[in-house]
Protein chains: 2
Amino acid sequence: MKQELHAMNDEKAVEIFKALSNQTRLNILQMLKNAETNFSAQAHVIKEADFEGGVCVSDIHKKTGTSQSTTSQYLSILLQSGLLETKRIGQWTYYRRNEEMIKQFSQYIGLNL
Amino acid sequence: MKQELHAMNDEKAVEIFKALSNQTRLNILQMLKNAETNFSAQAHVIKEADFEGGVCVSDIHKKTGTSQSTTSQYLSILLQSGLLETKRIGQWTYYRRNEEMIKQFSQYIGLNL
DNA sequence: TCGGTATATCGTTATTTGCCGATATGTAAA
DNA sequence: TTTACATATCGGCAAATAACGATATACCGA
């Protein structure tokens, strides 16, 4: 039989629901969907194979309408839930979507909700 | 162009995420998926065309591990979010899934997350 | 090594949520 | 028309969340 790796359980799903139960955090996830169009050319969108699609905290902060500290905290909630992944490069911390987790969550909804 | 009726917006989605960001409420929604198997024969599952799949509050309460008042409150949060619908028949209030809303939410996730 | 910039963390306050017991309300049955 | 049952609502308290400014930490460039 085909083995489904990393199938999501209810507990993990609840953690993701919590992460998304805030308008600003939902917006962040959505804005990162098309980082190149949502963030200006000057913005630090990573184009290298290094960490493609990653955007640094200050650029995200400029779009959220919340303080730097709140933005940082929201990013870490999204990171903890698994919806985002991160990489520090020099003095910047880049965040991008974890498409694999998002796909699993979407599948979970379709199957288990 | 094809008109998408009742397309969900972000605000509604956040309300649904909030409703599901609690393990007990998620369980309730899932238990109601197969009301006939999850609730005993003696339980007041409505089989008539009247309100098919509906289960009364006390039967749901027995399964949740929370108090009667908490169960009632959780049901009304799920109702308010649109994930459930309700009908009072005699002294019982029946709740069942609103499959249309659940489908729209699932589609929203697939398209907008 | 010293600013300067980027980010994370801390401490705080206001609001919301989780959850309960007690009580009120609504309905049926005796 | 009492009584019993089903459900909703109220009042409360502890915990979690929202959000901020201030501060600490990390890294870089001069």
Side-chain angles (χ1 to χ4, degrees), chain A residues 10-11 14-29 32 39-40 42-46 50-51 54-81 83-96, chain B residues 10-11 14-29 32 39-40 42-46 50-51 54-81 83-96:
Chain A
D10 290 349
E11 195 178 351
V14 167
E15 190 182 1
I16 292 177
F17 284 132
K18 280 184 187 167
L20 296 176
S21 67
N22 172 286
Q23 184 69 65
T24 302
R25 289 194 298 263
L26 179 58
N27 288 344
I28 290 173
L29 190 67
L32 289 174
F39 295 90
S40 69
Q42 304 99 298
H44 298 277
V45 182
I46 296 282
D50 226 8
F51 201 65
V55 180
C56 73
V57 178
S58 59
D59 288 341
I60 296 169
H61 163 50
K62 285 171 201 154
K63 299 242 165 181
T64 57
T66 58
S67 71
Q68 186 274 322
S69 62
T70 299
T71 303
S72 177
Q73 184 138 6
Y74 281 3
L75 286 169
S76 90
I77 289 169
L78 287 164
L79 178 66
Q80 178 58 38
S81 77
L83 292 168
L84 296 187
E85 49 192 10
T86 191
K87 183 176 190 180
R88 177 124 203 185
I89 302 178
Q91 57 194 137
W92 292 280
T93 306
Y94 295 90
Y95 286 88
R96 70 176 177 191
Chain B
D10 290 348
E11 196 178 352
V14 168
E15 189 181 1
I16 293 178
F17 285 131
K18 280 184 188 167
L20 295 176
S21 66
N22 173 284
Q23 184 69 64
T24 303
R25 289 194 298 263
L26 179 58
N27 287 345
I28 290 172
L29 190 68
L32 289 173
F39 296 90
S40 69
Q42 303 98 300
H44 298 279
V45 182
I46 296 283
D50 225 9
F51 200 66
V55 180
C56 72
V57 179
S58 59
D59 288 340
I60 296 169
H61 164 51
K62 285 172 201 154
K63 299 240 167 185
T64 58
T66 59
S67 71
Q68 186 273 323
S69 62
T70 298
T71 303
S72 178
Q73 183 138 3
Y74 281 3
L75 286 169
S76 90
I77 289 170
L78 287 164
L79 179 65
Q80 178 59 39
S81 78
L83 291 169
L84 295 187
E85 50 193 10
T86 189
K87 183 176 189 180
R88 175 123 203 184
I89 301 177
Q91 58 194 135
W92 293 279
T93 305
Y94 294 90
Y95 286 88
R96 70 176 176 191

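What's counted below: heavy atoms across the whole structure, side chains too, no hydrogens, waters or symmetry copies. Convention: sequence-line order gives letters A, B, ...; per-chain numbering from 1.
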*Where do Thr24(B) and Thr66(B) land on the side-chain hydrogen bond (donor to acceptor under 3.5 Å, both in side chains) test, with the steps shown first?*
CA-CA 8 Å; Thr24(B) 303; Thr66(B) 59; 5.7 Å; no
*Start with the C-alpha gap between Phe39(B) and Lys63(B), add the side-chain angles, then the distance that decides, and say whether side-chain contact (heavy atoms from CB on, under 4.5 Å) holds.*
CA-CA 9 Å; Phe39(B) 296 90; Lys63(B) 299 240 167 185; 3.9 Å; yes
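At whole-Å resolution of the value, CD1 in Ile77(A) and P in dA8(C) are 13 Å apart. Between the CZ atom of Arg88(B) and the P atom of dA8(D) there is a distance of 7 Å, given to the nearest Å. With rounding to whole Å, Leu75(B) atom CG is found 13 Å from dA6(D) atom C1'. As a whole-Å value, the separation of Lys18(B) NZ from dT16(C) C1' is 9 Å. For Leu26(B) and dG18(C), the CG to P distance is 13 Å, given to the nearest whole Å. In this structure, Leu79(B) places its CG atom 12 Å from C1' of dA8(D), rounding to the nearest Å. For the pair His61(B) NE2 and dG21(C) C1', the interatomic distance rounds to 12 Å; values are reported in whole Å. Straight-line distance from the CD atom of Gln91(A) to the C1' atom of dA8(C): 15 Å, rounded to whole Å.
When the side-chain nitrogen and oxygen atoms of Thr71(B) are compared with OP1 and OP2 of dT7(D), none of them lie within a distance under 4.0 Å. The side chain of Ser58(B) places an N or O atom within less than 4.0 Å of a non-bridging phosphate oxygen (OP1 or OP2) of dT7(D). Put simply, Asn22(B) has no side-chain N or O that comes within less than 4.0 Å of OP1 or OP2 on dT17(C). OP1 or OP2 of dC20(C) sits under 4.0 Å from a side-chain N or O of Thr70(B). For the OP1/OP2 pair of dG18(C) and a distance below 4.0 Å, the side-chain nitrogens and oxygens of Arg25(B) include at least one atom meeting the criterion. For dA19(D), one of the phosphate oxygens OP1 or OP2 lies less than 4.0 angstrom from a side-chain nitrogen or oxygen of Tyr74(A). In this model, the phosphate group of dA8(D) is approached by a side-chain N or O of Tyr95(B) to a distance below 4.0 Å at OP1 or OP2.
Counting non-hydrogen atoms of other residues, nucleotides and ligands closer than 6.0 Å to CD of Gln80(B) gives a total of 12 or fewer.
The base of dA8(C) does not come close enough to the side chain of Gln73(A) for any donor and acceptor atom to sit less than 3.5 Å apart. No N or O donor and acceptor, one from the side chain of Ser67(B) and one from the base of dG21(C), sit under 3.5 Å apart. Interface remark: the Gln68(B) side chain does not form any donor-acceptor pair with the dA6(D) base, using a distance-only criterion of under 3.5 Å.
Counting only heavy atoms from C-beta on, Ser72(B) has its side chain closest to dA8(D) among dT9(C), dA8(D), dA8(C). The side chain of Ser69(B) lies closest to dG21(C) when the candidates are dA22(D), dG26(C), dG21(C).
Distance OG1/Thr71(A) to CG/Asp59(A): 11.5 Å, rounded to 0.5 Å.
If you find the closest nucleotide of DNA chain D to Gly65(A) and to Ser76(B), the one lying nearer the 5' end belongs to Ser76(B).
Across all strands shown, Thr66(A) has heavy atoms under 4.0 Å from sugar-phosphate atoms exclusively, and none from any base.
In this structure a side-chain-to-backbone donor-acceptor pair under 3.5 Å is present from Arg25(B) to Lys18(B). In terms of modelled atom types and a separation under 3.5 Å, the side chain of Ser21(A) and the main chain of Val14(B) share no donor-acceptor contact.
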